[in-house]
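Order of appearance sets the numbers: ligands from 1, and atoms from 1 within every ligand.
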Amino acid sequence: MRMLVADAFEESGLTALKAAGLDVLYQPDLKDASLAEAIRESGAGVLVVRSTKVTEAMLDAGRLALVVRAGAGYNTIDVAAASARGIYVSNCPGKNAIAVAELAFALLLAIDRRVADNVADLRAGKWNKKLYGKASGLAGKTLGVAGAGAIAREVIGRARAFDMPVLLWSRRFDGRDDMLTNEECTALGFGEGERDLCVRLAPSMLELAARSDVLSLHLALTPDTRQIVGPAVLARLKPGAILLNTARGELIDHAALTEAVRTRGLRVGLDVFEHEPDIAAGDFHDPVAQLPGVYGTHHIGASTSQAQEAIAAETVRIVRAFTETGRVPNVVNLARRTPATHMLVVRHRDRPGVLAHVFDHLRARSLNVQETENIVFEGALAAVARINLDKAPDAALLEQLRAYADVLDLQVVPL
Ligand code: 3PG
């Protein structure tokens with residue numbers, strides 16, 4: 001199968017994909033119209049991207065069956081358009097979590113000690129121990145973590161090294177003001193020895209902000225989380241608190257943030273911005289990045305070679321599973337709940353035409369098949385088909401199906 005890699009991608013990943021027999025086109029600079037054209041011309045079945053936008057027009061351009069986001073966030077892909085066309089969208093969750101957590105702490109330590117200002121003054125030939133010798137220190141400060149995914153877990157693990165008690169809020173635990181249970185810690189991915197890392201919950205985002213000295217965002221961008229940090233949350237942060245965003249710029253209302261930095265002495269570490277350039281290098285003039293209380297980086301959270309190797313290996317795993325088994329790991333756009341209401345179980349002789357007969361009758365009754373599976377018994381003389389339907393089959397239909405000699409038995413199970 002032909003695949004198009006339209007973003008920077010590790011050499012090890014390209015080599016592994018080629019070794020797996022894929023016809024790999026590596027064109028990391030494609031975007032917009034040139035990407036749509038390459039999808040059309042190449043006839044690629046698989047597209048691999050990082051932050052490059054994947055639009056509806058691109059999904060319509062060629063013969064894509066799978067889009068792999070070689071990273072965690074997939075807000076740059078028109079997932080609804082992919083779903084409507086039966087195109088899988090997969091991502092690589094957790095594979096860059098350590099790198100992002102490391103950058104969150106890099107920003108935190110740099111803000112507390114004003115490392116960037118120290119460096120800038122030294123480079124300008126200035127010595128100012130008087131000014132820079134006034135950091136507050138981190139031990140004992142409460143770290144509020146918004147989100148309970150892989151990156152949040154890595155951040156929580158590292159907070160212990162700095163003696164920072166952790167407070168957690170995520171939508172999944174909204175309203176809870178207690179500790180996570182051992183089972184919940186396990187479900188979050190904490191191992192046996194890490195249970196003591198497990199943390200107190202804050203009942204809401206507002207309470208998390210009010211009770212934290214440092215608030216770090218590790219949320220996916222969704223309609224519910226867009227601008228979740230607005231005037232109300234910012235007003236609850238303690239004076240001089242530190243806010244970190246290594247997730248998505250759109251989680252924060254940047255006008256309200258600018259105001260809070262100016263009037264309330266809020267200190268901020270940002271790796272992500274509302275309007276990031278879609279080029280690797282060029283001009284960037286976001287006024288937020290220029291505020292004295294803000295330390296910004298260039299959306300480099302995931303950009304360590306360790307993380308990129310892990311992402312490349314996961315991408316290879318996804319593509320190989322797709323081409324070799326037809327199954328796709330980490331799909332983000334399958335229906336969460338089946339639209340089926342009833343399962344028709346057909347025990348039948350394993351002969352040509354039996355299922356075609358069943359499906360013909362379903363079509364005649366306008367019953368829509370949502371999912372189906374057929375398993376075969378030892379010897380391949382008999383099989384069982386499980387057919388999930390959008391409506392209950394009526395008695396007359398069941399009678400017609402039973403009349404067919406190769407149908408051995410029928411059962412209807414409400415779902
Ligand atoms: C992600 O969603 O994985 C990170 O934001 C990294 O994005 P990048 O692959 O564009 O660096």
**Message:** With no hydrogens and no angle check, just 3.5 Å: does a side-chain donor-acceptor pair link Thr304 and Glu102?
**Reply:** no

**Prompt:** Below 4.0 angstrom, N of the basic side chain to O of the carboxylate: do Asp121 and Arg114 qualify?
**Reply:** no

**Prompt:** Between Asp278 and Lys53, is there a salt bridge with N-O shorter than 4.0 Å?
**Reply:** no

**Pair Tyr74, Asn333: side-chain N/O donor-acceptor within cut-off below 3.5 Å** = no

What are the polar N/O contacts of ligand 1 with the protein below 3.5 Å, with distances?
unit_1, atom_1, unit_2, atom_2, d
ligand 1, 2 (O), Arg69, NH2, 3.0
ligand 1, 2 (O), Gly73, N, 2.7
ligand 1, 2 (O), Arg248, NH2, 2.7
ligand 1, 3 (O), Ala72, N, 2.6
ligand 1, 3 (O), Asn96, ND2, 2.9
ligand 1, 5 (O), Arg248, NH1, 2.9
ligand 1, 5 (O), Arg248, NH2, 3.4
ligand 1, 5 (O), His299, NE2, 2.8
ligand 1, 7 (O), Arg69, NH2, 3.1
ligand 1, 9 (O), Arg50, NE, 2.9
ligand 1, 9 (O), Arg50, NH2, 3.3
ligand 1, 9 (O), Arg69, NH1, 3.2
ligand 1, 10 (O), Ser51, OG, 2.0
ligand 1, 11 (O), Arg50, NH2, 2.7

**Message:** Please verify the inter-ring angle class for Phe273 with His254; under 30° counts as parallel, over 60° as perpendicular, anything in between as tilted.
**Reply:** perpendicular

**Asked** Which heavy-atom pair separates Thr52 from Ala6 by the least distance, and what is that distance?
**Response** OG1-O, 3.3 Å

